[in-house]
Amino acid sequence: MELLKKSVDSVIEKDRIGSPVFLRCVLHIASDTSSLLQPTAEMVALSNRWIPSQPQRVYAKGDADATQVTVMVQYTDGQMAVLSINRVETETAIDIMLVGNKGVIYHETPIGRNYVSATPPQLDATGELTEVIADALATGQPITVEG
């Protein structure tokens with residue numbers, strides 16, 4: 001995951017896609033984790049890393065103890081992130097589309113079945129807005145991010 005972060009950071013820093021305005025991320029997680037809350041918070045942290053604005057509101061649906069959670073993060077300057085975290089029986093994989101005002105980055109790991117040397121992403125055990133995500137899942141309502 002660190003290599004992915006550094007690679008995307010480099011593209012953003014070189015202004016190759018302009019300013020990021022939308023992130024779509026699908027994480028298929030194959031693990032024995034009892035809850036999807038921490039992987040969801042890690043994807044929110046990833047989004048917050050790339051979107052050049054502060055999170056304003058978080059919408060979340062699903063069940064962190066079941067098979068799927070979807071989170072939408074709205075940022076103060078109008079950017080959006082849609083993140084889907086799914087429990088799967090196969091290997092962990094990530095599919096990212098980061099849209100900037102000048103271009104787009106696509107990344108998929110592993111890259112289909114024909115690329116046997118692709119490495120599944122390793123999560124970092126870091127995350128952001130965990131309590132906000134949990135509140136949004138519990139209430140089914142959008143939660144405004146304080147501060």
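It should be emphasised that the depicted structure is a prediction, and the values quoted were computed from it without experimental measurement.
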**Request:** State yes or no: do I85 and I94 share one hydrophobic cluster built from I, L, V, M, F, W and Y residues joined by side-chain heavy-atom distances below 4.5 Å, directly or via other members?
**Result:** yes

**Asked** Taking the side chain from R87 and the backbone from A66, do they hold a donor-acceptor pair closer than 3.5 Å?
**Response** yes

**Asked** Could you give the distance from CG (L3) to CE (M1), rounded to the nearest 0.5 Å?
**Response** 11.5 Å

**Message:** With side-chain hydrogen bond (donor to acceptor under 3.5 Å, both in side chains) as the criterion, how do Q68 and T70 come out once you've worked through the C-alpha distance, each side chain's angles and the decisive distance to 0.1 Å?
**Reply:** CA-CA 7 Å; Q68 195 268 339; T70 299; 2.3 Å; yes

**Item:** S47 and Y75 side chains, donor-acceptor separation under 3.5 Å
**Value:** yes

**Message:** Please determine whether residues I29 and L23 belong to a single hydrophobic cluster, defined as Ile, Leu, Val, Met, Phe, Trp and Tyr linked transitively by side-chain heavy-atom distances below 4.5 Å.
**Reply:** yes

**Message:** Assigning hydrophobic clusters by single linkage (Ile, Leu, Val, Met, Phe, Trp, Tyr; side-chain heavy-atom cutoff under 4.5 Å), is V99 placed with Y106?
**Reply:** yes

**Prompt:** Between V71 and A60, what is the shortest heavy-atom contact and its length?
**Reply:** CG2-CB, 4.0 Å

**Message:** For the CD atom on E131, are there more than 12 heavy atoms of other groups (residues, nucleotides or ligands in this structure) within a distance under 6.0 Å?
**Reply:** no

**Prompt:** Is there side-chain contact between L137 and V69, with at least one heavy-atom pair below 4.5 Å?
**Reply:** yes

**Asked** Just how far is it from atom OG1 of T76 to atom CD of Q54, taken to the nearest 0.5 Å?
**Response** 6.5 Å

**Asked** For the atom pair CH2 (W50) and SG (C25), what is the distance rounded to the nearest 0.5 Å?
**Response** 7.5 Å

**Request:** Would you kindly confirm whether I96 and V73 end up in one hydrophobic cluster when ILVMFWY residues are joined by side chain heavy atoms under 4.5 Å apart?
**Result:** yes

**Complete:** d(L36 CG, T67 OG1) to nearest 0.5 Å is 8.0 Å

**Heavy-atom closest contact (T144 atom, R57 atom, distance)** = OG1-NE, 3.9 Å

**Message:** If hydrophobic clusters are built by linking Ile, Leu, Val, Met, Phe, Trp and Tyr wherever their side-chain heavy atoms come under 4.5 Å apart, do V21 and V58 end up in the same one?
**Reply:** no

**Request:** Please examine the side chains of M72 and M80, heavy atoms only from C-beta on, and report whether any two atoms are closer than 4.5 Å.
**Result:** yes

**Q141 side chain near Y59 side chain, heavy-atom distance below 4.5 Å** = no

**Item:** Criterion side-chain contact (heavy atoms from CB on, under 4.5 Å) on L98 and V8, from CA distance to verdict
**Value:** CA-CA 9 Å; L98 180 62; V8 173; 3.8 Å; yes

**Asked** Does a donor on one side chain and an acceptor on the other come within less than 3.5 Å for T40 and E42?
**Response** no

**Request:** May I ask you to test the H28-N86 pair for a side-chain heavy-atom distance under 4.5 Å?
**Result:** yes

**Item:** Non-hydrogen side-chain atoms of T109 and T92 separated by less than 4.5 Å
**Value:** no

**Item:** side-chain contact (heavy atoms from CB on, under 4.5 Å) partner of Q79, the single match among P52, P55, P20
**Value:** P52

**Message:** Working to the nearest 0.5 angstrom, can you tell me the gap between Q38 CD and M43 CE?
**Reply:** 10.0 Å

**Prompt:** Do the side chain of S53 and the main chain of D77 share a donor and acceptor less than 3.5 angstrom apart?
**Reply:** yes

**Prompt:** Are K102 and D15 close enough, and set up right, to give a side-chain contact (heavy atoms from CB on, under 4.5 Å), and what steps lead you there?
**Reply:** CA-CA 8 Å; K102 294 181 185 175; D15 200 36; 2.8 Å; yes

**K5 side chain to L46 backbone, donor-acceptor under 3.5 Å** = no

**Message:** A side-chain contact here means heavy atoms from C-beta on lying under 4.5 Å apart; do V145 and Q56 qualify?
**Reply:** no

**Prompt:** F22 versus V82: any side-chain heavy-atom pair under 4.5 Å?
**Reply:** yes

**Message:** For the residue pair S7 / D9, report whether a side-chain donor-acceptor contact shorter than 3.5 Å exists.
**Reply:** no

**Request:** Could you tell me which non-hydrogen atom of V104 sits nearest to which non-hydrogen atom of I17, and how far apart they are?
**Result:** N-CG2, 3.8 Å

**Asked** Do D95 side-chain atoms and V26 backbone N/O form a donor-acceptor pair below 3.5 Å?
**Response** no

